[in-house]
Structure formats: C-alpha cells, structure tokens
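What follows is a single structure, written as structure tokens, with notes after it.
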Amino acid sequence: MNVRFWGTRGSIATPGPGTNHFGGNTSCVQVTTERGDLLILDCGTGAHRLAAELMSQPKRPIHANILLGHTHWDHIQGFPFFTPAFIKGNSAAIYGPEGSRASLHDVLAGQMEFTYFPVELNQLPAAITYHELTEGAHTIDGVRVATQFLNHPAMTVGYRIEADGVAVVYLTDHEPFSDVLWRAGAEPGLVDSILHEGDRRHARFMAGADLVIHDAQYTPEEYGPKKTWGHGTYEYVVRIAGAAGVRRVALTHHDPSHNDDDVADIESRARTLALECGQGLDVFCAYEGCEIALAPRDDFAPRVVNQGVQPAVAQRRFHVLVVDDQADAMTMIVRALEDEHYTVSQATSGAAALVAIGREMPDLVVLDYKMKNIDGLAVTKTLRAHSRTQSLPVLMLTAMTDEPSTRAGFEAGVTDYVTKPFSIPQLTARVRACLARTPS
Ligand SMILES: [Zn+2]
Ligand SMILES: [Zn+2]
C-alpha cells in the first residue's frame, strides 16, 4: 500500500515562505493499493495537485473513492478543483458521515452554488455517487474500511483501512475525550488504563496499525483556551498510539499559525516523548509530498470485521430525556436536541427522571451530574441496578473534569461523559454517536 500526503494543514490553507517544508494545503491524503484501488482521505486544497497528478497518468478511466472525515471547509474545499470529476467516463464515490444538517450531496453542492463557484455540482460530467456512513465495517472497492466517530464539533468519522497486509488509520479532526488520559492507580501506557471510555475506544480503533495519521494541531501549552474546538496535541497522540501498539504516527492538521520551525519543534518534542514512553513508536510530522510505501506484514491480523452496520440515525425515531435542575441549561440543551428532530422530554430532578423513565423508556438520558438530592451519579446507579434499565444509554454532563469524578461516572455505568464548557455542535455530535450505537 502506498500513502502520499497532499495536504497537511488544518483549518485554512497557509501557503508562503514560512510553510514551504510542511506545506500549506489543507487535508488530503492519497492511499493506493497494490491492485490500484484509489482512496482519497479528505478533499482539502491539497486535492488540487493530487488531481493534476492523476490526470497526468495514463490510467483511464479514473475511479476515485473520496472518504471525507467530515465536511468542514478545510476538508472539502479542494473538491471543486478535482479535475477528474470534470471528465465524462470518470467516476467518484464520495463517502462521509451521516448526520450533518444536510445530505452529503447537498453540503458539497452548497459550496459549488453559482454564488461561490462557476460550475454546479450536478453539472459535473463524471458519475458521482454519495454514501453516508455510520459506524461499522464497509467494503470500498476491494478494501476493508472501518469507521468510528471522533470527538469534534461536527459529525466526524475516523477511517481504518486494511489492505495488502497492512492497516492505515486516519483520525482527524479529533480532540481528547478527557483532560486526564490514565486512570489513577492504573499502570500508564496500557489501553486498559485509559480513564475515559471514548479515549479507550479511540485507542482500540487504531490498535496495531502500521500507520496512524492523526490530528495534532496544538502544543500542550496552546490547547487549554482552544478546548472544545475539536483538535488535540502531539502529547495525547503519542501516548495513546503508544498504548495501542501503533508502529508509526504521522502528526497532521498543522495549525495555520505554526511555521515550519514550529512544526519541526513539535516533531522533535513528540519524538522525545515517544522515546521516553519506550513503546517503539515512530512519530513524525506529515509534510506535503511525503510518500510512504507500506510493505505487507507476515503477522498482519485484520481487525475490520463485518459486524454489520446500523441503520442511519436519520432513519430512526429517538426519544431523549434531558435531566437538569438548571433552567437555562435545560432550555439550551432541549432546543439543540429538538433541532436534531429527536423527541425530547424533560425532568428537573433525579427523582422526576426516575419516574419519567419508569413511565416511558427513552432511548437516551442526557443527565446532569450535579443536582440537589438525587444527583446524576445516584440516578445512574439506580438505572444500572434494574434489568429493564441496565443498558439504557446515559450521557452525563458535568463541570467536573477531574480524574476521581470521571472515574466515578464510568464506574457508576455512564455511557459517555461530556465535560462543561461544551459547545452545542459538540454535544449534539456526542448525543448522535450514542444514539447511533443503540441497537435498532
Ligand atoms: Zn479540519
Ligand atoms: Zn473540523
């Protein structure tokens, strides 16, 4: 399998003398299998030069599988300049997560309306198909591809691609689920020692990969004020990839305010940390033009197993119960969830929540941790003690980001633990991920 980086910048294209080495184009990675399957991971501005490269090769017709992690600008802006789509006979299959406000087709068509671009999406001569993905295993051409939701203020999926006896995992845009990675008292550096279920799931998704391409937009010093923006640090990536037994990591989605020296500094700090961790992880910062040939491994064990995929959330009806004793928080959350077309009911105390659940079983409980009398933790424990509500998904909202509180939440049986302050798009993405995982 061959991997080539065409865009490594996050958020906005940043050309200029300061970014010559690592590159200024936004996210785009080309994956080519031995039998010639073409997978394009994200379609940021880097896709322009990739398109020119494809057009210069004799292979016709061109069939491209475009796998979008999400549809933020920096991941789709190259698509209107993807020249193979302008030629009849070529084809493109576009994949992306379901659950944006509009369909994948409509989102891509939006940035090609005449106001913004001279050619509309439906005028493109190539045959284009659209595939909205939920979590699970998929087959794209001959390639096994798994998807898993990331932590970003938009529905975003990571991709695990297995072919030719190797695994490549693409994980951007993403930020840590928890400030604290390891559970207190547990041995650091092991997947089982990870505190937050979301981070543990993330580690398992990349486990044993030959190459992980991961968001590392910020230094640890920069991250604090940019929390909830949906990006992380090299420190998180090195620690979690090391624990997951990953062989090599390419840090990417470089911050537009970072010049080549800044990114080189991140690379050297990441390498020092990887050495300290002692797990044999090879880490580098991805740069435009970087090409990696991955040779098949004798001991390769596929992990993308067909467990079937859930129907799209949009095709199902969900009832969400919101439990909060703060009126303003309740109003904000209820409005956001109603905008997502869920049936939403409310309870203003732990006791009222238990009564409401007894009367009508919701599909998900969004539960405030700190409430008078019966708090969120007590509600969760009560639910877990009864067979009828044992597996009812509970998403806990809390201002408590410390390790003991997070651990107490998961030990009580919460499904997800979302810390304040959170943004509405972040919350709705986490709610949707919880609902998508409920059995249909
Ligand atoms: Zn991005
Ligand atoms: Zn994004």
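When a ligand or atom number is given, it counts from 1 through the structure's own listing order.
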Checklist entry - Side-chain donor-acceptor pair under 3.5 Å between His21 and Thr19, yes or no? => result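 There is no such pair (donor and acceptor under 3.5 Å, judged by atom type) between the side chains of His21 and Thr19.
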Checklist entry - If we ignore angles and hydrogens, is there a donor and acceptor under 3.5 Å between the side chains of Asn151 and His174? => result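 No, because no side-chain N or O of Asn151 sits under 3.5 Å from a partner of the opposite role on His174.
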Item to check | Salt-bridge contact Glu222-Lys226 (side-chain N to carboxylate O under 4.0 Å) | outcome: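 No, no charged N to carboxylate O under 4.0 Å.
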Next on the checklist: Tell me whether Arg432 is salt-bridged to Glu98, with the criterion being a basic N under 4.0 Å from an acidic carboxylate O.
Outcome noted: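 Yes, Arg432 and Glu98 are salt-bridged.
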Next on the checklist: Applying side chain to side chain contact (heavy atoms under 4.5 Å, CB included), can you list everything that pairs with Ala146, at least two apart in sequence or on another chain?
Outcome noted: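 If we apply the side chain to side chain contact (heavy atoms under 4.5 Å, CB included) test to Ala146, skipping adjacent residues, the hits are Arg160, Phe205, Val304.
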Next on the checklist: In this structure, is the centre-to-centre distance between the rings of His152 and His72 below 6.0 Å?
Outcome noted: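 So the answer is yes for these two rings.
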Checklist entry - With a cut-off of 2.8 Å, which protein N/O/S atoms are close to the Zn ion (ligand 1), if we only count those under it? => result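 As for protein N, O or S atoms lying under 2.8 Å from the Zn ion (ligand 1), they are Asp74 OD2, His75 NE2, Asp173 OD2, His253 NE2.
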